[in-house]
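Below is one structure, written out as structure tokens; comments come after it.
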There are 2 protein chains.
Amino acid sequence: MLSNSSKYALKAVLYLALHTDENNKMMVKDFSERINVPKAYIAKLLQELAKRKIISSAKGPYGGFYITESNKKHTIMEIIEIIDGKKRIESCMLGLEDCNEKKPCPIHSLISPSRSKMIALLKSKTIDDLAKDLELNKVFLPV
Amino acid sequence: MLSNSSKYALKAVLYLALHTDENNKMMVKDFSERINVPKAYIAKLLQELAKRKIISSAKGPYGGFYITESNKKHTIMEIIEIIDGKKRIESCMLGLEDCNEKKPCPIHSLISPSRSKMIALLKSKTIDDLAKDLELNKVFLPV
DNA sequence: TCTTAAATATGATTAATATCATGTTTTTAG
DNA sequence: CTAAAAACATGATATTAATCATATTTAAGA
């Protein structure tokens, strides 16, 4: 479904959403273990997300990664698309180039409604939404 | 979602379901192009499915792969599980070991209903079901 | 029984992902 | 202005998935 990279990135972003803000940045080495992702690996992914303005970062002493209220407005799907690309999540389940609603392949036809629903949810939910769910202990982030 | 291997296998099985039976076998070289999958690659996959009795095969002259009525009772999910393994399709979307209905991760909670629905469909639909849809031109199998 | 034609079994190669490592740039504070 | 600390940029390595190749086994028909 998602690549390891996307999974790692999502875990990291949600962790940062809960534990950081403009005045409380976190260095990679201080949370990579907490989310059970190799330091160098998650660093690379977060650098990409920072470049794309999904999260924030500051170099130098007292620097680190952090997430602002504005960052929190970005959706889960945006993160997935930056890391995995649009194709991975939306392409035909049989890998057929010409599969579409008008001329669906057998699997497309079968799972299209639930699949569309899933994609719509990932597109509508923001980092903030999920962070709130975590804060209310409605959901969890075990390692 | 699915590996290339699963996609290829499903395409091949459906193609065979439409074009073969006990008395009309097909050799790999006669359909690998039709489904746009490398010959040696699909051969290997089908050998595995034949070993697991999802499809049928006969060696020697006039041999080939074919699908019996009995083969057609197998589900789509069985094929996916043989090729990709159960884990790929059913594991947590964040890759969390301890994620489950009782203690769901944020993504799990979000997409669980649609995801379960998808899995249920793949488990309930048989090769025969999809082959019939194809025969009735309700769905298509472009290359 | 011999030849030929097919799948089968096995393994080699290639390509894509995942992972790790490190020198460069920026920023802070003394 | 300098030293240290952080992300940043880049690329190297390792692992896994995809693809290709081939010798072996089995079956059909002459």
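Protein chains get the first letters and strands the later ones, always in sequence-line order, with residue 1 at the start of each.
Between D:dA18, C:dC20, D:dA7, one nucleotide has an atom nearer to the side chain of A:V28 than all others, and that is D:dA7. In the set C:dA18, D:dA21, D:dA18, C:dA18 carries the atom at the smallest distance from any side-chain atom of A:S3. Checked against C:dA6, C:dA18, D:dA4, the side chain of A:P61 finds its nearest nucleotide in D:dA4. Each of D:dT19, C:dA18, D:dC8 was ranked by its minimum atom distance to the side chain of A:A50; first place goes to D:dC8. Closest to the A:Y8 side chain, of the nucleotides C:dT19, C:dT8, D:dA9, is C:dT19. Picking from D:dC8, D:dT19, C:dT8 the nucleotide with the shortest atom distance to the side chain of A:K59 gives D:dC8. For B:Q47, whose side chain is taken as the heavy atoms from C-beta onward, the closest listed nucleotide among C:dA7, D:dA6, D:dA5 is C:dA7. Listed candidates were D:dT19, C:dC20, C:dT8. Nearest to the side chain of B:F65 is C:dT8.
B:K25 places a side-chain N or O within donor-acceptor distance of the main-chain N or O of B:E22, the cut-off being under 3.5 Å.
The distance between atom NZ of B:K29 and atom C1' of D:dA21, rounded to the nearest whole Å, is 17 Å. Here C:dT8 presents its P atom at 9 Å from CG of B:L46, a figure rounded to the nearest Å. Per the geometry, CD1 belonging to B:I42 stands 17 Å off C1' belonging to D:dA21, to the nearest Å.
Relative ring orientation between A:F31 and A:F65 is described as perpendicular, the plane-to-plane angle rising above 60° on a 0-90° scale split at 30° and 60°.
The shortest distance between side-chain heavy atoms of B:R88 and B:S3 falls below 4.5 Å. The shortest distance between side-chain heavy atoms of A:L121 and A:K117 falls below 4.5 Å.
Residue B:S5 places at least one side-chain N or O closer than 4.0 Å to OP1 or OP2 of D:dA18. For B:S57 and C:dA7, the shortest distance from a side-chain N or O to OP1 or OP2 is not below 4.0 Å.
Each of A:K44 and B:K51 lies near DNA chain C, and the nucleotide nearest B:K51 is the one positioned closer to the 5' end. Residue-to-nucleotide proximity on DNA chain C shows that, of A:A40 and A:A58, the 5′-proximal contact is made by A:A40.
Side-chain atoms of A:Y41 and A:S5 form a donor-acceptor pair, as typed in the model, at a separation below 3.5 Å.
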